[in-house]
Visitor: 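Could you have a look at this structure, given as structure tokens, before my questions?
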Protein chains: 2
Amino acid sequence: MQLSNTSQYAIRILAYIADQADSPLVNATQLSQRLHIPYKFLTKIMTTLVKKDLILSIRGKEGGYALKRDSSEIMVGDILDIFNDSIQDEQCVLGIGFCNGMCKCALHDQWMEPKHLLQKMFRESSLKDIAGRGCKI
Amino acid sequence: MQLSNTSQYAIRILAYIADQADSPLVNATQLSQRLHIPYKFLTKIMTTLVKKDLILSIRGKEGGYALKRDSSEIMVGDILDIFNDSIQDEQCVLGIGFCNGMCKCALHDQWMEPKHLLQKMFRESSLKDIAGRGCKI
DNA sequence: TTCAATTACTATCTTAAGGTAGTATTAATA
DNA sequence: TATTAATACTACCTTAAGATAGTAATTGAA
Ligand code: SF4
Ligand code: SF4
């Protein structure tokens, strides 16, 4: 009952970059050191984020990374989607989920409310909302 | 954002046994076949449940498994606890969770409500609640 | 007392996530 | 143009969950 390591890293990376809005580019070495994420693993994640159009990368000397959109327009849900960590509408709490509406266990209806709250939270929270409070995650 | 395979299996196994209250013992072969859980993996899980005192086992011919307590007294949360799949009070949505109360991201407070709903649901739902509706999970 | 049916134990294999290593490519600047 | 600092690519290693295999221990019944 937890996000993958990779998703957690991605969120922290993006939040960090969002928070550095003054400095145009942030490089992998800095991200790795400040966020304590293994350098090589971090660059792998960055490449994914570049391909998914969340991050702009500049290669070569003086290069680095920047957000491709405004931090208020990148939602936590967008990040979770990339790493297959978001909550699907049909997803069963237990992960079993081949029960139909006709025949549901006692958890089925109880799961609706927290599920919708979580989906809404992920869908409506932007990087701007989780960064920029002076302390890093 | 999902329970482990093992937890899912354990819940389904226990719910199945709860549903067979008429037949005193259920054996591993039957459980494996009816629930489509690999036999050897299932017996490994059963041994854990026996050690954790949720299941009573009888070895030898005519042996099998039975619930050790009434199905209304075994909670889903008890099962999740065994396989380290329950939601801890201090657990952060993102799994990051080294932020203190002084300095919280926008998700921190929003997570409280769904978290409490889920914890309550797991704590208060028994095997009896999820089994015995005529259809198996 | 032997056999067959059952659970328990120990060791190993497989898979996917997480992580590492080395090299290629790119681009600013001396 | 050569150097250097950066990202990108490809391949591999590690770890833990998931799954399998073989054998031992237990027990009811022929
Ligand atoms: S009825 Fe229960 S097990 Fe089936 S999909 Fe709904 S929550 Fe999951
Ligand atoms: S502030 Fe945000 S990142 Fe930190 S523990 Fe709370 S929810 Fe998690």
Visitor: N/O contacts under 3.5 Å, protein versus nucleotides 3-5 of chain D?
Guide:
unit_1: D/dA5; atom_1: N3; unit_2: A/Lys61; atom_2: N; d: 3.3

Visitor: Go through the structure and list residues passing ring-ring contact (aromatic ring centres under 6.0 Å, His included) with A/Phe41, not counting sequence neighbours.
Guide: A/Tyr9

Visitor: How close or far is atom C1' of C/dA17 from atom NZ of A/Lys40, stated in whole angstroms?
Guide: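 A/Lys40 atom NZ is separated from C/dA17 atom C1' by 19 Å.
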
Visitor: Without swapping roles, check the side chain of B/Ser32 against the backbone of B/Ile37 for a donor-acceptor pair under 3.5 Å.
Guide: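 Judged by distance alone, yes, a pair lies under 3.5 Å.
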
Visitor: Touch check for A/Thr29, heavy atoms < 4.0 angstrom, all strands: base, sugar-phosphate only, or nothing?
Guide: nothing

Visitor: So which heavy atom on B/Ala28 is nearest to which on B/Thr43, and how close?
Guide: CB-CG2, 3.8 Å

Visitor: Find the distance A/Ile58:CD1 to D/dA8:C1' and express it as a whole number of Å.
Guide: 14 Å

Visitor: Out of the candidates B/Leu31, B/Ile79, B/Val26, B/Ile55, only one should pair with B/Ile13 under the side-chain contact (heavy atoms from CB on, under 4.5 Å) rule; please name it.
Guide: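 The residue from B/Leu31, B/Ile79, B/Val26, B/Ile55 that satisfies side-chain contact (heavy atoms from CB on, under 4.5 Å) with B/Ile13 turns out to be B/Leu31.
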
Visitor: Grab the CG-C1' distance between A/Leu49 and D/dT7 for me, whole Å please.
Guide: 14 Å

Visitor: Search all heavy atoms of B/Asp109 against all heavy atoms of B/Lys104 and return the closest pair with its distance.
Guide: OD1-NZ, 3.3 Å

Visitor: Without decimals, in angstroms, what is the distance between A/Gln30 CD and D/dT7 C1'?
Guide: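 In whole Å, D/dT7 C1' and A/Gln30 CD are 15 Å from each other.
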
Visitor: Tell me if a side-chain donor or acceptor on A/Asp85 pairs with a main-chain N or O of A/Ser4 at a distance below 3.5 Å.
Guide: yes

Visitor: Which residue pairs satisfy the side-chain hydrogen bond (donor to acceptor under 3.5 Å, both in side chains) criterion with at least one member in residues 62-80 of chain B, sequence neighbours excluded?
Guide: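 Applying side-chain hydrogen bond (donor to acceptor under 3.5 Å, both in side chains) to every pair that reaches into residues 62-80 of chain B, excluding sequence neighbours, yields B/Asp53-B/Lys68, B/Asp70-B/Ser72.
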
Visitor: Which nucleotide in the list D/dG18, D/dT7, C/dG18 gets nearest to the side chain of B/Ser4?
Guide: D/dG18

Visitor: On the nucleotide D/dT7, are OP1 or OP2 found under 4.0 Å from the side-chain N or O atoms that A/Tyr39 carries?
Guide: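 Yes, because at least one side-chain N or O of A/Tyr39 sits under 4.0 Å from OP1 or OP2 of D/dT7.
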
Visitor: Within the structure, does a side-chain N or O atom of A/Thr47 lie under 4.0 Å from either OP1 or OP2 of D/dA8?
Guide: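 Checking D/dA8 against A/Thr47, a side-chain N or O does come within under 4.0 Å of OP1 or OP2.
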
Visitor: Report all interatomic pairs (protein N or O, nucleotide N or O of nucleotides 11-16 of chain D) with separations under 3.5 Å.
Guide:
none

Visitor: Using a heavy-atom cut-off of under 4.0 Å over every strand shown, decide if B/Tyr9 touches base, sugar-phosphate, or nothing.
Guide: sugar-phosphate

Visitor: Would you mind reading off the distance between B/Gln8 atom CD and D/dA17 atom C1', rounded to a whole angstrom?
Guide: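 Roughly 13 Å, once rounded to whole Å.
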
Visitor: Starting from C1' on C/dT7, measure out to CZ on B/Phe41 and report it in whole angstrom.
Guide: 17 Å

Visitor: Between D/dG18, C/dG19, D/dT7, which nucleotide gets closest to the side-chain atoms of A/Tyr65?
Guide: D/dT7

Visitor: Write down the distance between CG (A/Asp85) and P (C/dA16), rounded to a whole number of angstrom.
Guide: 17 Å

Visitor: Considering residues at least two apart in sequence or located in another chain, which fulfil the side chain to side chain contact (heavy atoms under 4.5 Å, CB included) criterion with B/Gln88?
Guide: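 For B/Gln88 the side chain to side chain contact (heavy atoms under 4.5 Å, CB included) partners, ignoring immediate neighbours, are B/Ser86, B/Gln91.
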
Visitor: Are any of A/Ser57's side-chain N or O atoms less than 4.0 Å away from OP1 or OP2 of D/dA6?
Guide: no

Visitor: Please report the distance, rounded to the nearest Å, between CD1 in B/Ile45 and P in C/dA8.
Guide: 13 Å

Visitor: With a 4.0 Å cutoff (strictly under), does any side-chain N or O of B/Thr43 reach OP1 or OP2 of C/dT7?
Guide: no

Visitor: Would you say B/Asp19's side chain and B/Ala131's backbone share a donor-acceptor pair under 3.5 angstrom?
Guide: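 Not at all, since once roles are kept as given, no pair shorter than 3.5 Å links the two residues.
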
Visitor: Can I get a per-line list of side-chain donor-acceptor pairs under 3.5 Å for residues 119-126 of chain A, giving both atom names and the distance, sequence neighbours left out?
Guide:
unit_1: A/Gln119; atom_1: NE2; unit_2: A/Ile87; atom_2: O; d: 2.9
unit_1: A/Gln119; atom_1: NE2; unit_2: A/Asp89; atom_2: OD1; d: 3.0
unit_1: A/Lys120; atom_1: NZ; unit_2: A/Glu124; atom_2: OE1; d: 3.1
unit_1: A/Lys120; atom_1: NZ; unit_2: A/Glu124; atom_2: OE2; d: 3.3
unit_1: A/Ser125; atom_1: OG; unit_2: A/Met121; atom_2: O; d: 2.7
unit_1: A/Ser126; atom_1: OG; unit_2: A/Lys128; atom_2: N; d: 3.3
unit_1: A/Ser126; atom_1: OG; unit_2: A/Asp129; atom_2: N; d: 3.3
unit_1: A/Ser126; atom_1: OG; unit_2: A/Asp129; atom_2: OD2; d: 3.3

